[in-house]
Amino acid sequence: VKLCDFGLSEPFFMNTTRKWSCNRFCGKTQYASPEVMSRTPDFDAKSNDIFCLGVCLFMLIIGCAPWESAEKKDAGFRCIINGQLKDVLNKWHKLSCVTDEIIELLNSFFKYEHERITLSELKT
């Protein structure tokens, strides 16, 4: 399955540290990464897209958004970013919608940029 949405696309370029830096903050709140929500300068655009892909996958499987916004003030986000996705799904009576492998995959998306799964790791 391939998903594309170029409605709010922005070009970005690799900088000298081999990071795909971006300073443009666009997109819908429920899909935005914590780096975009906190307006982190020079966030990694590829890592941001991977986070957004995780939100899309979550919505396809569970049928709703995982949180209102990826910010510490959002209780759902706090639980999920701290590795409590299984507990959240259990509370929502949605645990039967996922396997342990899906939970592990979603947990790898829902991390801060420096810990988030990479595209290369996703392909393996």
Side-chain angles (χ1 to χ4, degrees):
V1 172
K2 293 185 181 187
L3 300 173
C4 291
D5 178 1
F6 297 107
L8 294 171
S9 63
E10 287 288 332
F12 54 90
F13 306 95
M14 189 185 312
N15 66 18
T16 56
T17 62
R18 310 231 8 113
K19 180 178 169 185
W20 294 90
S21 292
C22 187
N23 286 309
R24 300 284 303 221
F25 308 105
C26 62
K28 300 216 181 333
T29 303
Q30 289 180 319
Y31 295 88
S33 70
E35 295 79 27
V36 168
M37 292 304 298
S38 66
R39 302 278 199 235
T40 301
D42 293 322
F43 67 91
D44 187 322
K46 281 190 172 190
S47 181
N48 178 72
D49 286 349
I50 289 170
F51 186 91
C52 297
L53 178 62
V55 174
C56 289
L57 182 61
F58 184 96
M59 291 176 139
L60 285 169
I61 295 169
I62 303 302
C64 63
W67 46 68
E68 290 296 317
S69 64
E71 299 175 278
K72 290 180 181 177
K73 68 181 183 182
D74 186 297
F77 173 74
R78 273 196 322 272
C79 288
I80 292 171
I81 201 78
N82 288 319
Q84 297 172 319
L85 174 60
K86 194 170 188 174
D87 296 334
V88 170
L89 294 175
N90 189 44
K91 183 176 180 180
W92 291 358
H93 306 288
K94 295 285 190 175
L95 203 49
S96 63
C97 297
V98 296
T99 62
D100 287 340
E101 291 80 10
I102 293 294
I103 290 173
E104 183 179 337
L105 178 62
L106 289 170
N107 276 328
S108 70
F109 286 111
F110 299 146
K111 296 190 179 293
Y112 290 105
E113 184 177 284
H114 62 281
E115 297 177 348
R116 196 170 299 139
I117 193 167
T118 66
L119 186 58
S120 297
E121 292 168 332
L122 271 173
K123 289 180 177 181
T124 58

query: Among Thr99, Asn107, Leu105, which one satisfies side-chain contact (heavy atoms from CB on, under 4.5 Å) with Ile103?
result: Asn107
query: Within a strict 4.5 Å, meaning less than it, do heavy atoms of the Leu57 and Leu53 side chains meet?
result: no
- request: Quick one: pull up NZ in Lys73 and CD in Glu68 and give me the separation to the nearest 0.5 Å.
  value: 10.5 Å
message: So, taking the atom named CG in Asn82 and the one named CZ in Phe77, what distance separates them when rounded to the nearest 0.5 Å?
response: 8.5 Å
query: Nearest 0.5 Å, what's the CD1-SG distance between Ile62 and Cys97?
result: 5.0 Å
Atom pair NZ/CG of Lys94 and Leu85 - distance to nearest 0.5 Å: 13.0 Å
field: For the student: nearest non-hydrogen atoms of Ser33 and Ala70, plus distance
entry: C-CB, 4.0 Å
field: With sequence neighbours excluded, residues passing ring pair (Phe, Tyr, Trp, His ring centres under 6.0 Å) with Phe109
entry: none
query: When rounded to the nearest 0.5 angstrom, what distance separates CG in Leu122 from CD1 in Ile50?
result: 5.5 Å
- request: Could you tell me whether a side-chain N or O of Glu35 sits under 3.5 Å from a main-chain N or O of Glu113, the two making a donor and an acceptor?
  value: yes
field: Point-to-point distance, once rounded to the nearest 0.5 Å, from CD1 of Ile81 to CG of Asp74
entry: 11.0 Å
- prompt: Taking the side chain as C-beta and beyond, is there a heavy-atom pair between Phe51 and Pro34 under 4.5 Å?
  reply: yes
query: Under 4.5 Å between any side-chain heavy atoms of Val98 and Lys86, yes or no?
result: no
task: Write down the atom of Pro66, the atom of Phe110, and the distance for their closest heavy-atom approach.
output: CG-CZ, 4.4 Å
Glu121 side chain vs Thr118 backbone, donor-acceptor pair below 3.5 Å: yes
task: Before giving the answer on side-chain contact (heavy atoms from CB on, under 4.5 Å), spell out for Phe58 and Leu89 the whole-Å C-alpha distance, their side-chain angles and the decisive distance to 0.1 Å.
output: CA-CA 11 Å; Phe58 184 96; Leu89 294 175; 4.0 Å; yes
query: So which heavy atom on Cys64 is nearest to which on Met59, and how close?
result: O-CG, 3.4 Å
query: Taking all non-hydrogen atoms of both residues, which atom of Val88 and which atom of Cys79 are closest, and how far apart?
result: CG2-CB, 3.7 Å
